[in-house]
Amino acid sequence: MSNYQVLPFSKSKIGVAGKTGFWRSLTPVIDHNKCVKCLLCVTLCPEASIVVKQDSPQILYDYCKGCGICAEECPVKAIEMVSGDEVGT
């Protein structure tokens with residue numbers, strides 16, 4: 001028997017209730033110059049709307065609900081929450 005716990009991992013779903021990004025009022029924006037690629041944001045996103053592309057985190061805005069967990073937990077504050085209109089999403 002192993003000494004670790006298996007945790008569930010969610011994935012974004014395209015379909016009826018899949019694209020939920022229009023619900024948010026704030027949008028996370030990653031400053032890739034500050035990002036140290038720890039990928040904590042990818043791990044902690046409850047909607048699995050942050051993925052790794054080309055070794056960097058990328059936000060899938062169609063699925064992001066703007067909860068701000070990524071920005072709050074980023075150890076180098078590379079993610080800022082801004083109003084959706086400022087991002088053009």
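Each residue takes its place number in the sequence, starting with 1. Predicted, not measured: the structure shown is a model, and the values here were computed from it.
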Q: Is there a side-chain contact between Ile69 and Pro46, using heavy atoms and a 4.5 Å cut-off?
A: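 Yes, their side chains come closer than 4.5 Å.
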
Q: When hydrophobic residues are tied together by side-chain contacts of less than 4.5 Å, even through go-betweens, does Ile30 share a cluster with Val76?
A: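 No, Ile30 does not connect to Val76 through the hydrophobic network.
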
Q: Could you pull out the closest heavy-atom pair between Glu72 and Lys77, with the gap in Å?
A: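 That would be O-NZ, 3.0 Å.
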
Q: Taking all non-hydrogen atoms of both residues, which atom of Gly66 and which atom of Met81 are closest, and how far apart?
A: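 Closest approach of Gly66 to Met81: O-CE, 3.5 Å.
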
Q: Please enumerate all residues that pass side chain to side chain contact (heavy atoms under 4.5 Å, CB included) together with Lys53, with sequence neighbours excluded.
A: Val51, Gln58, Leu60

Q: In a table with atom names and distances, give each donor-acceptor pair under 3.5 Å that connects a side chain of residues 31-41 to protein atoms at least two apart or in another chain.
A:
residue : atom : partner : partner atom : Å
Asp31   : OD1  : Asn33   : N            : 2.9
Asp31   : OD1  : Lys34   : N            : 3.4

Q: If you measure from CD on Glu73 to OG1 on Thr43, what distance do you get to the nearest 0.5 Å?
A: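 Here the rounded value is 11.5 Å.
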
Q: Check whether any side-chain heavy atom of Cys70 sits under 4.5 Å from a side-chain heavy atom of Leu44, and report yes or no.
A: no

Q: As an exercise, state the distance from SG of Cys64 to CZ of Arg24, rounded to the nearest 0.5 Å.
A: 5.0 Å

Q: Quick one: pull up CD1 in Ile50 and OH in Tyr63 and give me the separation to the nearest 0.5 Å.
A: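 Atom-to-atom, Ile50:CD1 and Tyr63:OH are 14.5 Å apart.
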
Q: Would a single hydrophobic cluster contain both Val29 and Val52, if residues Ile, Leu, Val, Met, Phe, Trp and Tyr are joined by side-chain heavy-atom contacts under 4.5 Å?
A: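 Yes, it is one cluster - the side chains of Val52 and Val29 are joined through contacts under 4.5 Å.
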
Q: Of the non-hydrogen atoms in Ile59 and Pro28, which two are nearest, and what is the gap between them?
A: CD1-O, 3.3 Å

